[in-house]
Amino acid sequence: MSEIIVSHPCHCCHDCGQPLDCQCQQDGRGGSYLLVTCWNPDCMLRTVTRSLDTYTLMQESDFAAYREMNRKRDEVCCE
């Protein structure tokens, strides 16, 4: 069952500072966790979806890898 996507101002994108969209995901064991995504089209972390727990633990090298992934995707889409 899907939940309504909501923005939580206390959970902001690492790069652009916009509120992340948060969606509750069932874990299959009777619990749930939050998935967070940045949808800002101008942000290099756009479309990156992680659990809130792992997002808050990411290191700068992790963010850099996602920026590079989005950069490569933009290059392929714009050719």
Side-chain angles (χ1 to χ4, degrees):
M1 171 181 271
S2 64
E3 299 288 330
I4 297 172
I5 297 174
V6 294
S7 291
H8 291 274
C10 59
H11 306 303
C12 295
C13 177
H14 178 269
D15 281 9
C16 71
Q18 299 274 340
L20 294 166
D21 280 336
C22 298
Q23 184 173 9
C24 186
Q25 174 71 44
Q26 300 299 318
D27 67 6
R29 299 181 303 245
S32 62
Y33 55 94
L34 283 179
L35 292 177
V36 296
T37 307
C38 180
W39 292 112
N40 178 357
D42 298 321
C43 181
M44 288 308 294
L45 293 179
R46 71 191 175 283
T47 70
V48 172
T49 302
R50 300 290 302 257
S51 74
L52 180 60
D53 291 341
T54 60
Y55 190 89
T56 58
L57 295 174
M58 286 173 59
Q59 302 295 313
E60 185 55 40
S61 59
D62 301 317
F63 289 113
Y66 277 115
R67 287 184 208 104
E68 183 63 21
M69 176 189 70
N70 278 340
R71 213 177 340 273
K72 287 180 180 178
R73 182 183 63 195
D74 288 348
E75 290 171 3
V76 170
C77 292
C78 295
E79 290 179 350

Colleague: Determine, using the 4.5 Å side-chain heavy-atom cutoff (strictly less than), whether L20 and M69 are members of one ILVMFWY cluster.
Modeller: yes
Colleague: Tell me whether the count of non-hydrogen atoms from other residues, nucleotides or ligands lying under 6.0 Å of CD in Q59 goes above 12.
Modeller: no
Colleague: As an exercise, state the distance from CG of N40 to CD of Q18, rounded to the nearest 0.5 Å.
Modeller: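 One finds 5.0 Å between CG of N40 and CD of Q18.
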Colleague: Angle between ring planes, Y55 versus F63, binned at 30° and 60°: parallel, tilted or perpendicular?
Modeller: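 Ring orientation of Y55 relative to F63: perpendicular.
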Colleague: Quick one: closest heavy-atom pair of R67 and M44, and the distance?
Modeller: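 For R67 and M44, the tightest heavy-atom pair comes out as O-CE, 3.4 Å.
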Colleague: Look up atom CD in Q23 and atom OG1 in T49, then write down how far apart they are to the nearest 0.5 Å.
Modeller: 9.0 Å
Colleague: Excluding sequence neighbours, so at least two apart, what forms side chain to side chain contact (heavy atoms under 4.5 Å, CB included) with T47?
Modeller: W39, N70, R73
Colleague: I need the single residue from R50, H14, R46 that forms a side chain to side chain donor-acceptor pair (under 3.5 Å) with Y66. Which is it?
Modeller: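 It is R50; the other options fail the test.
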Colleague: Write down the atom of C22, the atom of L34, and the distance for their closest heavy-atom approach.
Modeller: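 Scanning both residues completely, I find the closest heavy atoms to be CB-CD2, 4.2 Å.
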Colleague: Please determine whether residues V48 and Y33 belong to a single hydrophobic cluster, defined as Ile, Leu, Val, Met, Phe, Trp and Tyr linked transitively by side-chain heavy-atom distances below 4.5 Å.
Modeller: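 In one cluster with V48: Y33, no.
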Colleague: Could you measure the distance from the CG atom of L45 to the OG1 atom of T37? Nearest 0.5 Å is fine.
Modeller: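 The OG1 atom of T37 is 11.5 Å from CG of L45, to the nearest 0.5 Å.
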Colleague: Output the distance between atom CG (D53) and atom CE (M58), rounded to the nearest 0.5 Å.
Modeller: 13.0 Å
